[in-house]
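Only one structure is covered here, and it is reproduced in the block below.
Because the structure is predicted, anything quoted here is derived from the model rather than measured.
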Amino acid sequence: VVHRLVELLGILDERLEQLALGEHHRVAQVVHREGGRSLAGSGLGVFGAIGLLLAATGVYGVMSYSVTQRTHEIGIRMAIGARPRDVFAMILGQGMKLTLIGVVIGLALAFAATRLMEPMLFGVAPTDPAALAAAGGALLACCALALLAPARRAAGVNPSEALHAE
């Protein structure tokens, strides 16, 4: 948001210099025209961050519930010789596989919706591979962080307690 405001102030400064040089535009028109793009971009950025937070929370919730439901199975795995790091990797891998499927579907839908978003994009092509890769990478990284807690909890399951709890 701060970067957008600095960018907007730079654009406004250029426009004000043009006004001083005799261009007949009103300042309010310049702010409205240039600020609308920046405001829309900032709004989309906020909604994107909220979406990222919701996705990470959802992945955490689903995998946490899965670990809770599979405590008996995890206890059996550990009783027959699975190491905690194997269980950790199993849970992390399953969660990342689900996340990757969601990212692929989301990127396909984003690519299809580029015509609708094109008027709101400023300084980036609608099908910019770097922007799409950055969005997918950010989602994967955020969800990987959300998976750490359930995976650690699964790796810490005590086999005897898990088997006696059932």
Side-chain angles (χ1 to χ4, degrees), residues 1-8 35-166:
V1 174
V2 173
H3 177 69
R4 293 283 186 196
L5 288 173
V6 170
E7 184 179 333
L8 180 60
R37 287 186 197 155
S38 180
L39 186 61
S42 296
L44 287 176
V46 168
F47 283 121
I50 291 170
L52 187 64
L53 180 65
L54 286 174
T57 303
V59 167
Y60 169 80
V62 167
M63 292 309 293
S64 185
Y65 180 75
S66 173
V67 166
T68 302
Q69 294 296 309
R70 296 171 59 190
T71 301
H72 187 70
E73 172 205 336
I74 293 168
I76 292 172
R77 287 178 184 269
M78 293 186 81
I80 61 173
R83 296 176 298 208
R85 69 178 175 199
D86 295 333
V87 172
F88 182 86
M90 176 185 71
I91 299 299
L92 195 62
Q94 289 172 351
M96 288 306 291
K97 183 168 56 169
L98 291 173
T99 302
L100 189 60
I101 290 169
V103 166
V104 168
I105 291 170
L107 288 176
L109 291 173
F111 191 78
T114 56
R115 292 196 200 302
L116 299 172
M117 297 295 293
E118 192 168 10
M120 290 183 249
L121 298 176
F122 184 70
V124 67
T127 56
D128 183 22
L132 293 174
L139 184 60
L140 286 171
C142 192
C143 288
L145 289 174
L147 288 168
L148 291 178
R152 285 188 64 206
R153 191 171 61 244
V157 167
N158 185 343
S160 62
E161 288 179 16
L163 296 175
H164 287 287
E166 190 85 4

Among residues at least two apart in sequence or on other chains, which ones pass side-chain contact (heavy atoms from CB on, under 4.5 Å) with [X]?
X	value
Leu109	Ile105
Leu100	Leu140
Tyr65	Gln69
Ala131	Val124, Asp128

Original post:
Looking at CD1 of Ile76 and OG1 of Thr71, how far apart are the two atoms once the value is rounded to the nearest 0.5 Å?
Top reply: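 Output value for this atom pair is 11.0 Å.
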Original post:
Taking only residues at least two apart or on different chains, which pairs with a member in residues 129-138 satisfy side chain to side chain donor-acceptor pair (under 3.5 Å)?
Top reply: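 Not a single pair qualifies under side chain to side chain donor-acceptor pair (under 3.5 Å).
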Donor-acceptor list for residues 83-90 side chains, cut-off 3.5 Å, not counting sequence neighbours:
residue : atom : partner : partner atom : Å
Arg83   : NE   : Asp86   : OD2          : 3.3
Arg83   : NH2  : Asp86   : OD1          : 3.4
Asp86   : OD2  : Arg83   : N            : 3.4

Extract all donor-acceptor atom pairs below 3.5 Å that involve side chains of residues 44-53 and protein atoms in other chains or at least two apart in sequence.
none

Can you give me every donor-acceptor pair (side chain of residues 142-160, partner residue at least two apart or in another chain, under 3.5 Å) with its distance?
residue : atom : partner : partner atom : Å
Arg153  : NH2  : Ser64   : O            : 3.3
Arg153  : NH2  : Ser64   : OG           : 2.6
Asn158  : OD1  : Ser160  : N            : 3.3
Asn158  : OD1  : Ser160  : OG           : 3.1
Asn158  : ND2  : Glu161  : OE2          : 3.4

Subject >> salt bridge (charged side-chain N to carboxylate O under 4.0 Å, His left out) contacts in which one or both residues fall within residues 60-74, not counting sequence neighbours >> reply: Arg70-Glu73, Glu73-Arg77
Subject >> Side chains of Gln94 and Leu98 in contact at under 4.5 Å (non-hydrogen atoms) >> reply: no
Subject >> Nearest atoms (heavy-atom pairs only) where Leu132 meets Leu107 >> reply: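 For Leu132 and Leu107, the tightest heavy-atom pair comes out as O-CD2, 3.5 Å.
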Subject >> N/O donor-acceptor pair under 3.5 Å between Ser66 side chain and Val62 backbone >> reply: no
